[in-house]
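One structure is given here, and the rest of the page talks about it.
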Amino acid sequence: KVIRGVSRVDLRLRDPMQDTLSLDFTGLRVLQVQTAFRDKKPKTVEFRQDSARIHVQVPRDANLGDTLHGTRIEGFDLNSGAKLWSVELPVSFPDAWRSRVTGIRDGHVYATRSGNTNAEYLYALSPLDGTILWTSDDLITETTTESVSFAPDGDVITIGAGGSARLIRIDKDTGDTVWKTPGTTPTSGGSDAAVFGNRAYIWEATASAGPKITAVDLTTGVKQYSAPGIVGGLIQQVAPFVGPDGTVYAPRTQNNPIT
């Protein structure tokens, strides 16, 4: 883009996956270049000029191209913005995904390398220094867009590994498995549970009638009932949710006009 007749230009990277921003200053004499970042911390910015074109390269804290070691989990002070700690989760398997946070409650930061349908462990981290308080007994299979839910007492409800653990309850204090419920999932991306009272609501697959909502007892892990399947295809990539009066909403989401 050619910019003329201005004394100040505010620029933002539209694509957070892209490090380099190229600016065309044809016909302008650049007197001063200032950079400001949201975290207000100084960063090194590299400027390279080819004729009238200036290339600005801004280093990132994360490298999303490096799945195993390109991301870290960091804790910040809400009052000052100061970084308190920075950790990388253990790599248990060659196909482990990025370190990421999936929930926080009752003094535990829940994190995992599960993602992209890869099974990994769930970790409870200390919010004070990021140390690992416990590692789950069983693997979980959340994708990047899925996250944990919580039972009324704070136990973790999430997606287990394999058909024998469609839903899994994990003890919040120890990481032990409380129960596992067998079942199916339509597709990745919408398999996390919605919790209301002592029930969890999840999507399950059917042979041909479309995804269905199944209610699971949170005390025992036993399925209580299933609603009829909702037509419009077999793919489902958004989880259900529950209103304040207990109404269960099932947003059918698939790449077609019917849903």
Side-chain angles (χ1 to χ4, degrees), residues 71 73 89-93 95-127 132-205 211-224 226 236-242 248 250-251 253:
T71 58
I73 298 172
L89 296 179
V91 178
S92 302
F93 307 101
D95 64 348
W97 203 239
R98 301 179 178 94
S99 297
R100 66 180 186 90
V101 174
T102 182
I104 182 169
R105 176 169 167 167
D106 299 335
H108 289 165
V109 177
Y110 295 103
T112 185
R113 281 186 177 270
S114 176
N116 199 33
T117 71
N118 298 333
E120 254 287 3
Y121 292 102
L122 179 70
Y123 298 91
L125 308 181
S126 167
I132 296 176
L133 302 176
W134 53 250
T135 303
S136 63
D137 283 345
D138 284 281
L139 301 174
I140 68 171
T141 55
E142 293 179 0
T143 64
T144 304
T145 59
E146 295 166 337
S147 59
V148 296
S149 302
F150 298 100
D153 68 350
D155 278 1
V156 177
I157 309 296
T158 189
I159 308 147
S164 63
R166 166 62 182 86
L167 202 64
I168 184 172
R169 178 170 179 162
I170 299 173
D171 188 285
K172 69 179 185 301
D173 296 317
T174 64
D176 295 340
T177 299
V178 179
W179 49 252
K180 292 186 286 188
T181 297
T184 61
T185 180
T187 49
S188 63
S191 298
D192 31 353
V195 171
F196 186 86
N198 200 44
R199 286 179 180 168
Y201 299 93
I202 57 173
W203 286 108
E204 285 200 288
K212 63 182 181 181
I213 293 292
T214 295
V216 178
D217 184 277
L218 286 179
T219 302
T220 63
V222 174
K223 297 178 184 178
Q224 296 184 315
S226 292
Q236 175 59 35
Q237 293 186 302
V238 172
F241 60 96
V242 185
V248 180
T253 302

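For the numbers below, each heavy atom of this structure counts, side chains included, while hydrogens, waters and symmetry mates do not. Sequence positions, counted from 1, serve as the residue numbers for this chain. As the structure is a computational prediction, the values presented were derived from the model and not from experiment.
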Would you please test Thr71 and Arg100 for side-chain contact (heavy atoms from CB on, under 4.5 Å) and show each step?
CA-CA 8 Å; Thr71 58; Arg100 66 180 186 90; over 6 Å; no
Test side-chain contact (heavy atoms from CB on, under 4.5 Å) applied to Trp97 and Glu120, step by step
CA-CA 8 Å; Trp97 203 239; Glu120 254 287 3; over 6 Å; no
Student check: side-chain heavy atoms of Glu204 and Pro186 closer than 4.5 Å
no
Could you list the residues that satisfy ring pair (Phe, Tyr, Trp, His ring centres under 6.0 Å) with Tyr110, not counting sequence neighbours?
His108, Trp134, Phe150
Quick one: closest heavy-atom pair of Tyr201 and Ala215, and the distance?
CE2-CB, 3.7 Å
Quick one: do Ile168 and Ile159 satisfy side-chain contact (heavy atoms from CB on, under 4.5 Å)? Show the steps, please.
CA-CA 6 Å; Ile168 184 172; Ile159 308 147; over 6 Å; no
Could you work out, with side chain to side chain donor-acceptor pair (under 3.5 Å) as the rule, every residue matching Thr181, not counting sequence neighbours?
none
Closer than 3.5 angstrom, by distance alone: can the side chain of Thr141 be matched with the main-chain N or O of Asn118 as a donor-acceptor pair?
no
Shortest non-hydrogen separation from Ala161 to Ala119 and the atoms involved:
CB-CB, 4.2 Å
Is the closest side-chain heavy-atom distance between Val109 and Val101 below 4.5 Å?
yes
Pair Thr177, Asp137: side-chain N/O donor-acceptor within cut-off below 3.5 Å
no
Determine the minimum heavy-atom distance between Asn198 and Thr219, stating which atoms define it.
ND2-OG1, 2.9 Å
Please check if the side chain of Lys172 supplies one atom and the backbone of Asp153 the other of a donor-acceptor pair under 3.5 Å.
yes
Could you tell me which residues satisfy side chain to side chain contact (heavy atoms under 4.5 Å, CB included) with Val178, sequence neighbours excluded, listed by chain and number?
Asp155, Arg169, Asp171
Asn116 side chain to Thr144 side chain, donor-acceptor N/O pair below 3.5 angstrom:
no
Any non-hydrogen side-chain atom of Arg113 less than 4.5 Å from a side-chain atom of Ser99?
yes
What's the shortest heavy-atom distance between Ile213 and Ala250, and which atoms?
CG1-CB, 3.9 Å
Asp138 versus Ser136, side-chain donor and acceptor atoms under 3.5 Å:
no
Between Arg199 and Leu218, is a side-chain contact (heavy atoms from CB on, under 4.5 Å) present by the stated rule, with each step listed?
CA-CA 5 Å; Arg199 286 179 180 168; Leu218 286 179; 5.5 Å; no
Would you call Ile202 and Val216 a side-chain contact if the rule is heavy atoms closer than 4.5 Å?
yes
I need the minimum non-hydrogen distance between Ser149 and Val195, along with the two atoms involved.
CB-CG2, 3.8 Å
Quick one, Tyr123 and Pro90 - any side-chain contact, counting heavy atoms below 4.5 Å?
yes
Taking the side chain as C-beta and beyond, is there a heavy-atom pair between Ser191 and Trp203 under 4.5 Å?
no
I'd like to know if the side chain of Gln236 and the backbone of Pro251 have a donor-acceptor N/O pair within less than 3.5 Å.
yes
Tightest non-hydrogen contact, residues Asp106 and Gly154, listed as OD2-CA, 3.8 Å
Which residues pass the side chain to side chain contact (heavy atoms under 4.5 Å, CB included) test with Thr220, not counting sequence neighbours?
Asp217, Val222
Going by the rule ring pair (Phe, Tyr, Trp, His ring centres under 6.0 Å), which residues pair with Phe241 if we only count those two or more places apart in sequence or in a different chain?
Tyr249
Considering only residues two or more places apart or on different chains, which pairs with a residue in residues 151-196 satisfy ring-ring contact (aromatic ring centres under 6.0 Å, His included)?
none
Side chain to side chain, Val156 and Leu122, heavy atoms closer than 4.5 Å
yes
Less than 3.5 Å apart, any donor N or O on the side chain of Glu142 or Thr102 sitting next to an acceptor on the other?
yes
Is a side-chain N or O of Ser147 found less than 3.5 angstrom from the main chain of Gly103, in a donor-acceptor match?
no
